[in-house]
Every structure is written in structure tokens, then in C-alpha cells.
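Both ligands and their constituent atoms are indexed starting at 1 by order of listing. All residue numbers refer to positions in the sequence shown, counting from 1.
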Amino acid sequence: MKTYVKKDSCIGCGSCTYIAENIFEIGEDGLAQVKENEEKVEVAEAEKENVQDAAESCPTGAIVVEE
Ligand code: SF4
């Protein structure tokens, strides 16, 4: 599983940074991003459920999950 944030859809609500705090953070631009990497990352097995929950909870559908 890979994930990334579509910054043009993110509104910076911060929800994903609580649900999947090991994966997402708010960047200097006030929008979410994958931690320490503004592009796509491979999600560790232990984080998959959190990332899925974050994607489903994102109000704008900005979190992309690819299998
Ligand atoms: Fe952005 Fe969605 Fe995360 Fe909110 S939950 S900060 S809109 S990616």
C-alpha cells in the first residue's frame, strides 16, 4: 500500500495527523503531507489500518491510497 496527500484538495484540518500520526504531518504550508517526504510513501503493515481510516475520514478526500 502506498499513500500521498493531494495538497490541492487538503484544507489543513489536521484530522489525518491524529488518526495516522506516524504517517501524516502538517507542513510549513499548513497542509498535510506524508512525514518528511512530500511525495508518495510505502505504508508499513502496522500503519495500514490507520492510513485507511485517515483516508476515509478526510473531509475532502485528499488522501490517496493505492494498493
Ligand atoms: Fe488535509 Fe484531509 Fe488531512 Fe484534513 S484530513 S489535513 S483535509 S489531508
Side-chain angles (χ1 to χ4, degrees):
M1 174 198 276
K2 292 182 178 174
T3 190
Y4 65 95
V5 177
K6 290 187 291 182
K7 289 228 180 205
D8 57 353
S9 298
C10 176
I11 57 171
C13 73
S15 170
C16 60
T17 68
Y18 289 99
I19 297 171
E21 61 183 357
N22 293 328
I23 303 296
F24 303 108
E25 65 184 2
I26 298 295
E28 289 181 3
D29 57 5
L31 303 174
Q33 63 193 33
V34 170
K35 279 196 165 180
E36 296 169 21
N37 180 340
E38 292 192 30
E39 297 186 16
K40 192 183 297 189
V41 293
E42 184 71 37
V43 179
E45 191 65 36
E47 294 292 341
K48 286 184 176 178
E49 195 172 332
N50 288 340
V51 168
Q52 200 70 53
D53 287 349
E56 289 170 8
S57 300
C58 175
T60 63
I63 298 174
V64 179
V65 174
E66 297 176 346
E67 293 303 328

- Task: Decide, counting backbone as well as side-chain atoms, whether Cys16 has an N, O or S atom less than 2.8 Å from atom 3 (Fe) of ligand 1.
- Result: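 An N, O or S atom of Cys16 is closer than 2.8 Å to atom 3 (Fe) of ligand 1, so yes.
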
Near [X], which atoms of ligand 1 are under 4.0 Å from a heavy atom of that residue?
X	result
Ile63	8 (S)
Ala32	1 (Fe), 3 (Fe), 6 (S), 8 (S)
Ser15	5 (S)
Thr60	7 (S)

Indicate yes or no for a side-chain donor-acceptor contact from [X] to the backbone of [Y] under 3.5 Å, with no hydrogens or angles considered.
X	Y	result
Gln33	Glu25	no
Glu47	Ile23	no
Thr17	Gly14	yes

- Kindly compute the distance separating CZ (Phe24) from SG (Cys58), expressed to the nearest 0.5 Å.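 Here the interatomic distance stands at 9.0 Å.
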
What protein heavy atom is closest to [atom], reported as residue, atom name and distance in Å?
atom	value
atom 6 (S) of ligand 1	Gly14 N, 3.2 Å
atom 4 (Fe) of ligand 1	Cys13 SG, 2.3 Å
atom 7 (S) of ligand 1	Ile11 N, 3.4 Å
atom 2 (Fe) of ligand 1	Cys58 SG, 2.3 Å

- Please determine if atom 2 (Fe) of ligand 1 has an N/O/S atom from Cys10 lying under 2.8 Å away.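 Within the cut-off used here (under 2.8 Å), Cys10 places no N, O or S atom near atom 2 (Fe) of ligand 1.
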
- Task: Determine whether more than 12 heavy atoms belonging to other residues, nucleotides or ligands lie under 6.0 Å from atom CD of Glu45.
- Result: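 Counting neighbours around CD of Glu45, 12 or fewer heavy atoms of other residues, nucleotides or ligands fall under 6.0 Å, so no.
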
- Query: Charged N to carboxylate O below 4.0 Å: is that the case for Lys35 and Glu21?
  - Reply: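 Glu21 and Lys35: not salt-bridged.
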
- Query: Nearest heavy-atom pair of Cys10 and Val5: which atoms, and what distance?
  - Reply: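 Smallest heavy-atom distance, with atoms named: CB-CG1, 4.2 Å.
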
